[in-house]
Each structure stands twice: as structure tokens, then as C-alpha cells.
Amino acid sequence: MSELPKAYKPQAVEKQWYEKWTANKCFHADENSSKEGYSIVIPPPNVTGILHIGHVLNNSIQDILARRARQQGKEVLWLPGTDHAGIATQTKVEKKVREDEGTTRHELGREEFLKRVWSWKDEHGGIIINQLKRLGCSCDWDRERFTMDEGYSEWVSKVFVDLFNDGLIYRGKRMVNWCPKSLTALSDEEVIAKPQQSKLFFMKYEFVDAPGEYLEISTTRPETLMGDIAVAVNPDDERFAKHVGRKVRRPFPEAEIPVIADDHVDIEFGTGALKITPAHDKADFEIGQRHDLEIIDVLHPDGTINCPEVPELDKLDRFQARRKAAEMLEEKGLLIKVEQHENSVGYSERADVPVEPRISMQWFLKYPCTDEATDAVLSGDITYRPERWVKTHMNWMGNLQDWCISRQLWWGHQIPVWYRKEKVFDLKEAESLDVTDLKAGDIYVGTEPPEDGDNWERDEDVMDTWFSSWLWPFATMDDATKAKFYPTTDLVTGPDIIFFWVARMIMAGFKYENQIPFKNVFFTSIVRDSKGRKMSKSLGNSPDPIDLMDKFGADGLRFGLMRIAPTGTDIRYDEDTISEGRNFANKLYNACRFRQMHGTGVVALESLEKLDPHHIDILAKLDQLSLNLDKAYDSYRFNDVTAHLYEFFWTEYCDKFLEAIKFDFKSGDDAAKQRTLAVIDTVLSRYLTHLHPLMPHITEELSAKLGYVGEGEFVMTTEINQAPVLAAMSAAEVSKFSEQATAVYSTASNLRNLKAEYHLAASKDVRFVVKPVADWVAAQCDTLITLIGAKGMELDTCYEAPQGTPAAVTAIGEVYMPLDGLVDLDAEKARLDKEIQKVAQEVERAGKKLGNEKFVANAKPEVVQKEKDRLGEWENKLSQLEEMRAALG
RNA sequence: GCAAGAAUAGCUCAGUUGGUAGAGCAUCUCGUUUACACCGAGGCGGUCGGGGGUUCAAGUCCCUCUUCUUGUACCA
């Protein structure tokens, strides 16, 4: 055992322990184990993504749960993996292809492009995994999965085919969310509504039968007016009812369109007349359906105008076209005014551009097992923490829309549908396709390509990434693993993907495994910056966790983050909190270094005989810590876990206990020293085990260095010892010692205070005289001297203090601080008066409360008793203080 | 609009059946005594967002208002 350096350097230590754990297969989950199973599947991060602070929070919690479960003797599976992240990854690679090769994916062709994506994946796919390892994550890496690996892809196809055969998947022409940048359809969940400052254009359409007479219309999208096929008014709108059935003139391309009546139109909004563009607005589309209106699409997929009849606008970008169309209206004298108007616009989650409502042929899924999934959450078979997310979940479940699962991308699971070549055109243009079309023999749906493949053409689209993710809890496991570890125990994820992922996994779980996929869902907080903003790359406010680990260590980062990880709300990220984690690691390290300086070899605690109050006290607090941790873990209160660990070690162990025992080491009494070392070893070895889930590396390091864990053994694989250390001692005796220790500590605090008031904080020459309250005080004087930093402490029941001797009433009795030549009578009088005033106030307050009959009658007996005890103490103190004050004249 | 959450010390946050408001950081004063200055001792700092109510007693329960966050709906 080598002497430890003065400050803890986590970097090398952490790396070394991770390697040791891996080499010894500590993370391996044995599906044949007879132990109780515990399992978590990781929310798979984007395969080419990099770690951000949200991942750190999320995965630290999972690691803490997994490590704690191992310590409780469970067989633990933490199953890791990554997600192919269709749009995000494809977009990245397209950009790279454009930059590096000056070409596009279409020029390269599907096969060549996919080669580029795979090599990008191979190049960057390991980054986030290595970052998780750096963090200390105890995943079973032998079971690492990827949503596009072979077995997983088979599952995805199988599920598609199965749901198709069930009639739950169909193809149809629908109004979908179209991303003009990624050139693909999106699900409703991938559209983010953003409030915007828009312009509301007021324009006028001339009545065909009455030239010079106009109908006023308001719109935010003049660039789509070429697609107008009608103007709608509310049938109850008295202003316009008479116009229904008349025709107005669309300005360009010029056309006569009818005025129709529809309830959807809001009389209050704008002019009360709504232009109907069924191709470019969801509501207009529905109105169009009701009135059997023609659909005129005036946009290209990329958001540019498709309207050769109006050359001024044709091929313009939609936003340029908006301005241009307004100008054209103005030139024609048809623009009345433009108002500022706040509305919200749907943005593509990935590409961050406004989505375009667009009619297009897509594959849709009717969700399976919705009833079972709803019941599972409502009945509590699946627990949500915080519970309020149940409501959010239910709001969504109650308003389910069919899921648009096809994407016009190449990177992903290609839809396993083939069209007979000679009919491919008809089939692709067909209004709808579903299981009934299989019978005609013109489409083929299967996990394997059709045998006469040359006669078939495969659907080009791929599936939404989430269509693979929703199978994650079971598609990642083989049968033996499932038998042991499914359903999984805990799922830890962010509430932002409750619809994307959590809710859908529950439905898939019921559909394919006939049961819930997980028992508890823990939703983490969202980490925000100090101004309360979401962390984002574009804002540049997202700290790099790797930098933080370089600076504070993985353990420090974990501990610091967990200290502020609440169960409910968002957390504001503050680097100072992380540095507290580093400081704590250093404190721990130095406390262990202090132990090491007093000899090698673990000293066993063989007996509780002859232990001092502060020994018993710290052991009692250790036992209490264990109980507190159980409670905090049971309720997933990680900030409580952290707070208990912090408080016990820093305040109770270091600030109080370690200071108190320094006298044992100075005294020269070897037996006393050995007893103290035994207590230290008991506390440290257990404490390091308790702390391990939060700070896995340093706890292994120190346990090994101090010999608490043998060569080839690990804290992480050691079952936690739950038996109380003080089991052999009666509760009454324990509390007697604890009270004595508490009295000593509080007296130390009082006397330090007294010293400070006389500017003697630094002086160690001060002597004290005590009028003790009990016999046991005598044995505590040496400890007190050490704690206070004083020269001596005498007991003298009959002590008569010289006039003006500073004194304090403490838990061990009246204590005097004789100061030769330093006595200032007036100062001491003033100090005592102040103290008396304070105590008198307390006596009055407690007296008043106890004088209140209703309080005594209604409050719980223990509350009343506590108040009585307090009053007694204050009164006692007051009379002592008054006595001392009287002695000064 | 609807729903959920939040508002406590200068900052970040605790405060679990109502019973004398807490921690860390920051700041100030002292201090390198055999672990640790990534430290120790001590101090300063709060009418718990405003207003009402219930109660002997409210940070905690109820009502209401204000501000913020997050969903969600509508948005021509």
C-alpha cells in the first residue's frame, strides 16, 4: 500500500477501475442465475450522437439503480444499445456527402448512399458508447444492440407484416405533416408548434355577378391562393349568409370559385370569410372533403411553388412567394391591409423548418392493444414517477390519431412490401391499400423478398425510427434472456418522449409479449441552463460532459448532478454544483488518507465495550444512514440519497467524529487507538459500499487501498451488509451515548462561539472551567479540548468565577472561560444581557404556546411533550444565565 | 383556450401525515492545529410571489390573482 497523494486525481483511477470491472465481467447478466432478476433497457441514444448533460443525468440514474440492485443480491441486466435515428443520421451524412464529394444522395443512388451511412455509423457509432463507459455505466456490453442490426431488423419487418395482416397497417392518401427540408412525411409527434409573429393579409375577391363588389378575406398564406377552390363563410354569419352560392373571382390564376357555408369558419376571426385551399391546410382539406371540392396542389415537395400558370410565382420558395403574392395583390388593388398576427406554426423537430400540410400517399398504423395499455397505466401495473405524467399520457391515449409510419428516407428499415411490376404504377397511385389487396396477388408483404423477385418492385420508403424503438424492451432480448429479465423492472427516460416512445412501447409490449414491458417508469428532469433555457447546440449553452469529467471526474459529475436531481421539476445546470461533487470526492479521499496515516491493516470491531459516546454515536448514525437510504431508494428520491450520503460523511463523520477522535490518537493509549480504528474501519467500509452506486470508481479505489475489499474482489459485486452494527446494544443505551455525544458537540460549538466573541478563535491557550451536569462529563473533557482548540478544561462544581469571566450555559453545564487581564466587565454584561433576552423570548414563546388550552387539547401528545421539554430547557438556561448575570453586579 | 408544474436566503435547491424555516455556493471575520484551502471555525442573510380563507397553529390545506415553465388545442 502506497502513500496517497494529497489531492484526489480521478482520471487515471476511473479508467483503471472500468477496465478491471470489464475484465472481470462484473457487468455480465446471467440469464441462468437463480438470483432475483432486475433489468433496465437503456433508452438507446442516437448511434452517431454525442453525450450531453441530459444523457449524463439519465444514465447516472440507471447506473445507480443497477449498482444498487446488484448490491442487494439481484441478478442485474442493464441492456445497452443505440438507435439508428433515421432523419438525423441521414441528414448528417447527406451534408457530409455534399461537402466532401460535392454530390447528392440521389446522384449516388440508394445503395452507394447507404454505404456512406454505414461507414459513418462505423466511424462515429462508438463515440457515445465510449462516453457512457467513461461515465462508469455498468451495462452488459456483450448484449449491446443496434436498431438496425440483423436480428432487430427481422423483428421490425415481422411486426410490420403482422400488423398489416391484422389490418392495422394500411396505405392511404392523407393530409400529413411534410418536411420540405428532409423531404419526408412526419408523424404528428415530430411536429413542434412554435408561436410566431406572422402577418395577416386582408384581401378582396370580386363577386363575379357584381363587378366592383368584393368579398373580404383574411389569410396568412397568400402564396397558396392559386390553390383556392372556394371561399367559406359560417352559415350563421348574417353578414355573409346571403352570399352563399354566389361566385367570386380568384385573382391568379384567374378563376371563378363558389362561396360555400361551413360551420368550421369562425365568425370572429379576421373578416369571417375563409379561403379554402384543400391541398395546403388540414382544416381546408376536411372542408373540401365535406363539400366534395377539387384539390389543387401548388407546392413542390421542397416547398417551392408549383404553378406554371403564374410565372411570377412559379418555382419561388414559399416564403418569397408569400411576399411576391402580396405585392401582386397590391398591384391589382386587391390588398386591403396587413396586420401583425401571433399564431403558432408547426416546425419539423429535426430540420427545424415549418412543416407543410400536404396530401400524400403514406403508410399508417392503427395502434394495437390501446385498452390494455391504458389499463396498465391507470391501474398502477406500470408506475409513473412523478405520477402526474399519467395524465399527460392519458390525454394522448384518449386522442389517438393513426400513426404515419412511412418516411421518404433511405436510412432505416425499408417497408417490406413489394408491388407486382406491371401494376406498380396503379398500385402506387391507388387511393388506399390494405390487407384486402393481398388477395388480388398484386402486392406482396413479407419478411423475406418474394421468390420471383424480378417481377416485383419494393416500396422505397423506410419506417419511422420510432417504429423500431417501440419494440426495444423485447426485440433486444433472446428467449432465455426474456425468460429471466422480461418484463423489465425500471425504465428511466425523459418526459419529452412519453408519446414517441414510452406509450408506444406499452402497446407493443401487450401486442407481442402479452404483458407490460416495464414495471416502473422514472421520468427525469430536463436540464436547463442557468437562465432556464433548454440545452441546445444552437444556443451553445450545453456543456460537454467530457470536459466536465476531465475537470471534476466522472464520480464528481455524477454526484454533483444527483445532488440537484429533483423528482419533479426541471433543474438548472450550474457548474458550481458539479464542483461540489469533485470537492466531495476529495473530502472522502482525504478522510481515507487520514485513516491510512494511522496504520495499515483492517481492524475488526469485535466488541462494543469501552467505546466512547462519539464512537457509539457515529455507528448509530451509520445504521440510521442505511435505513434512510433504503427509504430514499424505495421512493426513487435520488436527491435524498445524495443528501443523506453527503450529510453523514461531511458533517457527522468528518466535522464531528474525526475531530473528536483525534485525541484518541494523541493520547498514547494504544488500546483506545485500536478501538477507534475499528470504529473507523467499520464506518468507512460500510459507507464506501453505500456510496458506491453514486461514485463507483473512487469507492472501489479506496476500498481496495484500505483493504476493505480483497484482491480480485469488488465493491460492486459485494452484497451490502444490512445488519445494524449496533444490533447488540439496547436502543436506550444507544440513545444515552448519542445524547452525550450530541451534548459534547453542541458544547464545542457554544465554546467556539464564546472564543470567537472574544476574538480568541485562533488561540489554543484558553482554559475552561466547567460546573458539570453529570458524572459522564469528566470523561469528555479531553475530547472537548481537541474539538474546541483549548489548553485545558477543569471540572469544579464550586467554582467561583472572577467578576466578568465570560461564561456560557451549555449541555454539559455552566462553562467559564477565565481570561487573565482580558476581562471586560461591561462587555460581558452586555453579552449576557443579549443572551438572556434571547432565551427569555424563547421561554415566553413556548410558555404562550403551552398556555393555549386549545393547543394542549388538540395537538398530538408528543408535540406537546416536545414543547414542554423545550420550555423546561429554556427556563433552566434562563435561570442559570440570570444567576451568572447577577454575579456580575 | 385547456391541462400539468413551479414561485422559499444574492445564486442553485431541500423542506414526505400542518407544530420554532434548512443545506451547498457566494459574501464577511478568523484560521494553515498531524486528512483535506477542492479545507476548518464563526458571522451576515428569509413578513416562504400578492391577497383572502380554514385552524389553537399554515412554507405546508382551500380559494383567488400575478409571473414563469412544459404539454396540448385553435389559429384562415
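Naming: A, B, ... by sequence-line order, numbering from 1 per chain.
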| field | Worked check of side-chain contact (heavy atoms from CB on, under 4.5 Å) between A:Y8 and A:I698 | value | CA-CA 9 Å; A:Y8 178 57; A:I698 190 174; 3.5 Å; yes
| said: Between A:R637 and B:G15, is there a contact of a side-chain N or O with OP1 or OP2 at under 4.0 Å? | reply: yes
| field | Any-strand Watson-Crick or G-U partner of B:A21, both distances under 3.5 Å | value | none
| request: State whether the side chain of A:N234 and the backbone N or O of A:V265 hold a donor-acceptor pair below 3.5 Å, judged by distance alone. | output: yes
| message | Mind checking if A:V856 touches a base, just sugar-phosphate, or nothing, with heavy atoms under 4.0 Å? | response | nothing
| query | What about A:E659, does its side chain sit under 3.5 Å from the base of B:A35 through a donor-acceptor pair? | reply | yes
| said: Considering every strand and a 4.0 Å limit on heavy-atom distances, what is the contact class for A:D496: base, sugar-phosphate, or nothing? | reply: nothing
| request: Would you tell me if any nitrogen or oxygen in the side chain of A:K662 comes within less than 4.0 Å of OP1 or OP2 on B:A35? | output: yes
| said: Given the ring of A:F594, does A:K662 sit roughly above its face, with NZ or CZ under 6.0 Å from the centre of the six-membered ring and within 45° of the axis? | reply: yes
| query | How would you label the contact of A:H759 with the nucleic acid (heavy atoms, under 4.0 Å): base, sugar-phosphate, or nothing? | reply | nothing
| query | Just checking A:S344: base, sugar-phosphate only, or nothing, at a heavy-atom cut-off of under 4.0 Å? | reply | base
| field | Nucleotide nearest A:R388 when distance is taken to its side chain, options B:G5, B:C38, B:G24 | value | B:G5
| query | Toward the 5' end of RNA chain B, which comes first, A:K854 or A:E580, by nearest nucleotide? | reply | A:E580
| task | Look at all strands and tell whether A:W874 reaches a base, only sugar-phosphate, or nothing, counting heavy atoms closer than 4.0 Å. | result | base
| said: Tell me whether the side-chain N or O atoms of A:K6 pair up with the base of B:C36 as donor and acceptor below 3.5 Å, since no angle test is needed here. | reply: no
| said: Counting the atoms with a prime plus P, OP1 and OP2 as sugar-phosphate, which does A:K860 contact under 4.0 Å by heavy atoms, base, sugar-phosphate, or nothing? | reply: base
| request: Please tell me which of the listed nucleotides, B:U33, B:G42, B:A3, lies nearest to the side chain of A:N395? | output: B:A3
| message | So A:E842, base contact, sugar-phosphate only, or nothing? Heavy-atom distance under 4.0 Å. | response | base
| task | Would you verify whether the NZ or CZ of A:R504 falls within 45 degrees of the ring axis of A:F499 while also being under 6.0 Å from that six-membered ring's centre? | result | no
| task | Answer with base, sugar-phosphate or nothing: what part of the nucleic acid does A:L200 contact at a heavy-atom distance below 4.0 Å? | result | sugar-phosphate
| request: Classify the angle between the aromatic ring planes of A:Y687 and A:F649 as parallel (below 30°), tilted (30 to 60°) or perpendicular (above 60°). | output: parallel
| query | At under 4.0 Å between heavy atoms, what does A:H598 touch on the DNA or RNA strands: base, sugar-phosphate, or nothing? | reply | nothing
| message | With a cut-off of less than 4.0 Å, is there a side-chain N or O of A:R870 near OP1 or OP2 of B:U20? | response | yes
| task | Would you tell me if any nitrogen or oxygen in the side chain of A:N583 comes within less than 4.0 Å of OP1 or OP2 on B:C39? | result | yes
| task | With the side chain of A:T392 defined as its heavy atoms from C-beta on, choose the nearest nucleotide among B:U12, B:G71, B:G42. | result | B:G71
| query | Between A:S703 and A:K705, is any side-chain donor less than 3.5 angstrom from a side-chain acceptor? | reply | no
| query | At under 4.0 Å between heavy atoms, what does A:D576 touch on the DNA or RNA strands: base, sugar-phosphate, or nothing? | reply | sugar-phosphate
